[in-house]
J.: 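Mind looking over this structure? Questions follow.
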Amino acid sequence: MGEFTAPKGTKDILPGDSPRWDRFFAAVEAVYKNYGYGRIDTPIFEKENLFARGIGDGTDIVNKEMYAFVDKGGRKIALRPEETAGVVRAYLEHDLGRSNPLVKVYYKGPMFRYERPQGGRQRQFWQVGVEALGSADPALDAEVIDCALESLGAAGLEDLTLHINSVGCPTCRPGYTKLLRAYVQAAPDKFCQTCLNRAETNPLRVFDCKNSGCAVALREAPLITAYLCTDCADHFASVLTALQFIGVAAEPNPRLVRGLDYYTKTAFEIKSTALGAQDAVAAGGRYDGLVEQLGGPPTPGIGFAVGVERVLLATETIEQPATRPDVYVATLGPKARRAGLAAARLLRRGGFAVAVDFSDKALKKQLNYADKAGAAFVLIVGDEELASGAYVVKNMGSGEQTALDPESLESWLRSQRSEGT
RNA sequence: GUGAUCGUAGCUCAAAGGCAGAGCACCGCACUGUGGCUGCGGUGGUUGGGGGUUCGAGUCCCCUCGGUCACCCCA
């Protein structure tokens, strides 16, 4: 290992891996388009205060995990830790809501969080996701969740579970968190120090504690479901009904909470049983107050994000076909190499994937390379072929060889291909 | 950020303080212009890095870098 290695928590995507990534993106993007989402690309960095304002400056993401720096112009900049804030910023900046009551966008790209890496958690990681801005209808929640599940299914994931909750809204949540805080603080000896701290700062998160003592002590704790305001309770009930109606199985979990401040009402997580502790492959929810929070008109919104590396980890065992050339050009000598290059150029223009051999090794070796690359045909060009004007094409499956003049190569290969299908 | 554990050839892994190895991959020969199979041979290492203990360290100790697991956090 030399001096230069990829920074901690980052990974190269090598040519051997990239076909899996390509297939993943092709599969999920097709689903998002079917659900009516158009792609949006926003900058990888934004003004730092966008995230502080949008995600919440009480959150760990903003407090401890942001890649923030001052640029040469003295601007405070941060690498994006998630995409929703950037999308909402673009939505407002371009006034997308003016000409369209329901704006639906999807995104894909790298996100950055300064965390301690482990399997399924990196400092630079990829997310895809969607955001729908402009409707508060609970049926939209169901459509968004369905879209998330469909895209994960298209990516090859099985054994997914949908966990769903309502985290309330500014009308009802404060009253509930007050109750929960009081519940914890009434029995300080039964809870760990972390929970006691959380009771102070973010009471909902006590439900995340893995400590068995705390879990026992929380058994009788008040649950948010019972304290939602009429609006939130009706909304949640409608979402569950809609999911049931379209046939999506959901596990309501009144202890499910989210780490980002902007979530309101519907919050959900999709978990894969194929993963360890980092088992949430997708998560999202409603953020009806965020647009207003960022200076826009009151506009409801909902979306989700998918952790691409996590999906790829969970589908790792699925067999992936490699990309292979249609034609491998074996060349014997510099003159033949030029002729082979010309033939390859024409074939590529005709839509064939062509690899030219530059090794100048024995034909035997070149055929060996072609075999390893998985080529369907090998075009042999050497002194004999140059002299006769007829190139040899070898079918690597049958071993059959055909002599053809260079002009008729393309049409011959095309006829072979249509025969094969 | 906390705790634990691991790091040996391109890859997967051996070597229980005493000669750094195997399989796969790669290169060559049998087979000089015809692949897959087989046989034989070969290249390849500051044992992640630095320091220490010891006659002797891949192995023990300390520091550091990186991975992994759990916490934390979250996609």
J.: Which pair of non-hydrogen atoms, one from A199(A) and one from V206(A), has the smallest distance, and what is that distance?
T.: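 Heavy-atom minimum between the residues: N-CG1, 4.1 Å.
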
J.: Between rU34(B), rA75(B), rC69(B), which nucleotide has the shortest distance from any of its atoms to the side chain of Q118(A)?
T.: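 Side chain of Q118(A) sits closest to rC69(B).
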
J.: Closest-nucleotide mapping onto RNA chain B: is A6(A) or G276(A) further toward the 5' terminus? I mean the 5' end.
T.: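 First, find each residue's nearest nucleotide; the 5'-ward one identifies A6(A).
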
J.: Distance between the P atoms of rG41(B) and rG23(B), in whole angstroms?
T.: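 So the two P atoms sit 11 Å from each other.
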
J.: Starting at atom NZ of K394(A), determine the distance to atom P of rG33(B), rounded to an integer number of angstrom.
T.: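 After rounding, the gap between these two atoms is 14 Å.
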
J.: Distance criterion of 3.5 Å, no angle test: do you see the side chain of Q366(A) paired donor-to-acceptor with the base of rU34(B)?
T.: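 Checked by distance alone, the answer is no.
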
J.: Is there a side-chain contact between K361(A) and the phosphate of rG28(B), meaning an N or O under 4.0 Å from OP1 or OP2?
T.: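 Yes, such a contact exists.
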
J.: Hey, does the side-chain of R116(A) have a donor or acceptor N/O within less than 3.5 Å of a partner on the base of rG3(B)?
T.: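 Indeed there is one.
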
J.: What integer number of Å spans the C1' atoms of rG39(B) and rG7(B)?
T.: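 Each nucleotide's C1' atom is 37 Å from the other's.
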
J.: Expressed in angstrom and rounded to an integer, what is the separation of Q127(A) atom CD from rC73(B) atom P?
T.: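 About 18 Å, once rounded to whole Å.
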
J.: Of the nucleotides rC71(B), rU68(B), rG66(B), which one has an atom closest to the side chain of K11(A)?
T.: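 Side chain of K11(A) sits closest to rU68(B).
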
J.: Looking across every strand, which nucleic acid part, if any, lies under 4.0 Å from E82(A) by heavy atom: base, sugar-phosphate, or nothing?
T.: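 It contacts nothing in the nucleic acid.
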
J.: Report the nucleotide, chosen from rA70(B), rG67(B), rC72(B), that has the shortest atom-to-atom distance to any side-chain atom of Q278(A).
T.: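 The answer is rC72(B), which lies nearest to the side chain.
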
J.: Separation of N63(A) atom CG from rC74(B) atom P, in whole Å?
T.: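 Those two atoms, CG and P, are 11 Å apart.
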
J.: Provide, to the nearest angstrom, the distance between the OH atom belonging to Y114(A) and the P atom belonging to rC74(B).
T.: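 Result: 18 Å.
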
J.: Examine R113(A) relative to Y67(A) and say whether NZ or CZ is less than 6.0 Å from the centre of the six-membered ring and inside a 45° cone about the ring axis.
T.: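 No, cation not above the ring by the 6.0 Å, 45° rule.
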
J.: Indicate the ring-plane relationship of W412(A) and F377(A), choosing parallel, tilted or perpendicular according to the 30° and 60° boundaries.
T.: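 Aromatic pair W412(A)/F377(A) classed perpendicular.
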
J.: On the nucleotide rC26(B), are OP1 or OP2 found under 4.0 Å from the side-chain N or O atoms that K372(A) carries?
T.: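 Affirmative; the distance criterion is met.
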
J.: Output yes when at least one side-chain N/O atom of Y328(A) is less than 4.0 Å from OP1 or OP2 of rU34(B), else no.
T.: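 No, no such contact exists.
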
J.: Contact class for G382(A) (heavy atom, under 4.0 Å): base, sugar-phosphate, or nothing?
T.: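 Here G382(A) touches the bases of the nucleic acid.
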
J.: What nucleic acid atoms does A330(A) come within less than 4.0 Å of, heavy atoms only: base, sugar-phosphate, or nothing?
T.: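 A330(A): no heavy atom of the nucleic acid under 4.0 Å.
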
J.: Can you name the one residue among Y91(A), F304(A), Y262(A) that meets ring pair (Phe, Tyr, Trp, His ring centres under 6.0 Å) with Y287(A)?
T.: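 Of all the options given, the one that passes is Y262(A).
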
J.: Flag this pair as yes if the NZ/CZ of K108(A) is under 6.0 angstrom from the six-membered ring centre of F25(A) and inside a 45 degree cone about the axis; otherwise no.
T.: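 Yes - K108(A) lies over the ring of F25(A), closer than 6.0 Å to its centre and within 45° of its axis.
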
J.: Report the distance from atom CG of D60(A) to atom C1' of rA75(B), rounded to the nearest whole Å.
T.: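 Going from CG in D60(A) over to C1' in rA75(B) covers 15 Å.
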
J.: One thing to verify: whether D141(A) and K265(A) come together as a salt bridge, which I'm taking to mean a side-chain N less than 4.0 angstrom from a carboxylate O.
T.: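 Result for this pair is no, no salt bridge flagged.
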
J.: Scan Q122(A) against the nucleic acid and name what it touches under 4.0 Å (heavy atoms): base, sugar-phosphate only, or nothing.
T.: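 Base contact - Q122(A) has a heavy atom under 4.0 Å of at least one base atom.
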
J.: Between the protein and nucleotides 36-40 of chain B, list every N/O to N/O distance that falls short of 3.5 Å.
T.:
| unit_1 | atom_1 | unit_2 | atom_2 | d |
| --- | --- | --- | --- | --- |
| rG36(B) | O4' | D371(A) | OD2 | 3.1 |

J.: What's the OH-P distance between Y262(A) and rA75(B), to the nearest Å?
T.: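 Y262(A) atom OH is separated from rA75(B) atom P by 7 Å.
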
J.: Could you work out the separation of rC19(B) and rG58(B) based on their P atoms and round it to a whole Å?
T.: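 After rounding to an integer number of Å, I get 10 Å for this pair.
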
J.: Do the side-chain N or O atoms of K365(A) get closer than 4.0 angstrom to the phosphate oxygens (OP1, OP2) of rG28(B)?
T.: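 Checking K365(A) against rG28(B): at least one side-chain N or O falls below 4.0 Å of OP1 or OP2.
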
